[in-house]
Amino acid sequence: MDMDKLVSLCKRRGFIFPSSEIYGGINGFWDYGPLGVELKRNIKDAWWRDNVHARDDMVGLDCSIIMNPKVWEASGHVGGFSDPMSTCRQCKRLFRTDQVWDQLQESDWFQSLVATGRDSQSLAQWAAKKGKKLAPGLALVRNPTEILSWLAERARTQPDEPIDAKTFVQYLATEQDARTGLVLPCPNCGGDLTEPRNFNLMFETHVGAVADEASKAYLRPETAQGIFANFKNVVDTGRVKVPFGIAQVGKSFRNEITPRNFTFRSREFEQMEIEFFCRPEESATWYKYWRDTRFQWYVDHGLRSDRLRIRDHDPGELSFYSTATADIEYGFPFGVSELEGIAHRGDYDLTQHQKYSGKDLGYFDEERKERYVPHVIEPSAGADRAALAFLCEAYTEDEIGGEARTVLKFHPRLAPIKAAIFPLVKKDGMPEKAQAIEREMKRRFPVFYDEKGAIGRRYRRQDEAGTPFCITVDGQTLTDDTVTVRDRDSCRQWRVPSAGVARALQDLLEGQPIPGDE
RNA sequence: GCGGGUGUAACUCAAUGGUAGAGUACCUGCCUUCCAAGCAGGUUACGUGGGUUCGAUUCCCAUCACCCGCUCCA
């Protein structure tokens, strides 16, 4: 499937528009149009019903977007992991400064260099041959004479101090020691890296009329911390007992990401997050439970399981506080990308907030008569990413009677409009009858009435909106009071009594097979 | 942030140093008894700001947005 076609359809049919488009748009922000808002709302509602209302171990929460800035100190978003980045001046690649050394050790040119002797002659030879190919940006390669003289100087002045591999490569990479100090080279080409720059992780704002350092606050970069900050409130008032979860749906904001791939990476996005609190000994079981449950949720709502996958993080990839993390990924047209992360966060967050707030966030377990800080499993889903995945999955081009057709095959639960109601032609009292049906249906379902143009055209329009069923009043309706129901995916039609059409639609939406298809 | 590409109507695309056409869509009639039919009429565009020029949608510069890559992430 072509992403451009989907973007175009989304705009044409009113699913998703670029934000502030009349002013030229703004990178990384998107608006949901009349159909898009229904789709996204259905996704959030389905998630809420399945994870909160349908369970007896989950409660909801809706906390403020702007919180006391100390929350973000405790979470590590201020200071902690606003990863400084460096760019290579030669090949222009971008690296996390703290990962340069690790990446360097894995690079071909570094390994080749290490395998060479450390004497001037071997190094000069390496620079002239292999180095030229593998690490054209390296100072040693570009300026061997000078670099080798530095090294000789170092050996003469500090003969008793052996040089470790890291320092050694720094010597070979540093052209202007006096000005820059020893630097690490680019893992890709050996070139010199810029000073580490700090990335602006969170959106900053100021609370109150005076904008000074003391009034600085942040738009939340995740909804999770609001749940941790309210853990004690919920435990004290919610009649909840471990194991239990707190769920929240809401907007989050990140400044440092590069917007890409339509709505997939946006600076403002909506999360659907659960923090599930449990006894430390049971945390591994709960982790597995949520990992499987959340995967199945996407399958149940129409994502083909062969486009979905679970990817368990390698130990080296895990955050330092996490003992296990898995990503639920979907095969988008632009690549396999993350829809949801399920993280075993241990007691890290509650402990951090305990430390920074000075409040006891321990939990007293009545059954076991003991006090402990619960461990946390965090299934964190992106609502916009889910919407995009469902759109991609639904987008289908097929052929009906030799004519090409574009259809969004949404799961009925997610479809923005559940049924369209048409008079076959605009005469003989058909519009009046169809409108009466529409009035009745409208109280129970999002439905759409249309009487303009040829019937085929109206069917196709609904196909593009993903409406699962169309109900048509025709000549026969006037004699026997039945209407036709038409199925979006098969284009098959059958008749039902018009008095029972709401009930019939209800059954169809709940998954009852269409007649002739049982 | 960096490198490369793109920017004309709601959508998909043309043409042009002398202010723009098509198809689709949309609106109004007529006609139409089941899958984008037909006829007649109609609405909508050169991303933005500068510059060169008698004159710029076209050339130049900047800016913004989008797409692709490096990187980050829900």
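The chains referred to below are lettered A, B, ... by the order of the sequence lines, with proteins before strands, and numbering in each begins at 1.
Residue A:K11 places at least one side-chain N or O closer than 4.0 Å to OP1 or OP2 of B:C11. Applying the 4.0 Å criterion to OP1 and OP2 of B:C70, one finds that A:N188 has every side-chain N and O outside that range. Taking 4.0 angstrom as the limit, A:R457 places a side-chain polar atom (N or O) nearer than this to OP1 or OP2 of B:A25. Close to B:A74, at under 4.0 Å from its OP1 or OP2, lies no side-chain N or O of A:R267. Taking side-chain N and O atoms only, A:R460 has a distance below 4.0 Å to OP1 or OP2 of B:A36.
Checking A:R495 against A:Q476 by side-chain atom types alone, a donor-acceptor pair falls below 3.5 Å. In the model, A:Y298 has a side-chain atom that pairs as donor or acceptor with a side-chain atom of A:E340 under 3.5 Å.
A gap of 8 Å separates the C1' atoms of B:C31 and B:G38, to the nearest Å. Nucleotides B:C11 and B:C67 are separated by 15 Å at their P atoms, to the nearest Å. Rounded to a whole angstrom, the distance from the C1' atom of B:U24 to that of B:U19 is 26 Å. Comparing the C1' positions of B:G7 and B:U48 gives a spacing of 11 Å, expressed to the nearest Å. Nucleotides B:A65 and B:G49 have their P atoms positioned 16 Å apart, rounded to a whole Å.
Contact annotation for A:M430: base contact, defined as any heavy-atom pair under 4.0 Å involving a base atom. Residue A:G341 is classed as a sugar-phosphate contact, given heavy-atom separations below 4.0 Å to backbone atoms only. Among the atoms of the strands shown, only primed sugar atoms or phosphate atoms (P, OP1, OP2) are found under 4.0 Å from some heavy atom of A:K452. Contact annotation for A:E464: base contact, defined as any heavy-atom pair under 4.0 Å involving a base atom. Using a 4.0 Å heavy-atom cutoff across all strands shown, A:F264 reaches at least one base atom of the nucleic acid.
Here A:Y459 does not count as stacked on B:A36, because the ring centres are not under 5.5 angstrom apart with planes under 30°.
Put simply, CZ on A:R260 is 9 Å from P on B:C70, counting in whole angstrom units.
Between A:F469 and A:W494, the ring planes are perpendicular. Angles over 60° get that label, and only those under 30° would be called parallel. Relative ring orientation between A:F277 and A:F231 is described as tilted, the plane-to-plane angle lying within the 30° to 60° band.
Searching all strands for a Watson-Crick or G-U wobble partner of B:U28 with both distances below 3.5 Å returns B:A40.
In this structure, of B:C73, B:A10, B:C68, it is B:C73 that holds the atom nearest to the side chain of A:I257.
For an aromatic pair to be called close, the ring centres must be under 6.0 Å apart, and A:F334 with A:F264 satisfies this.
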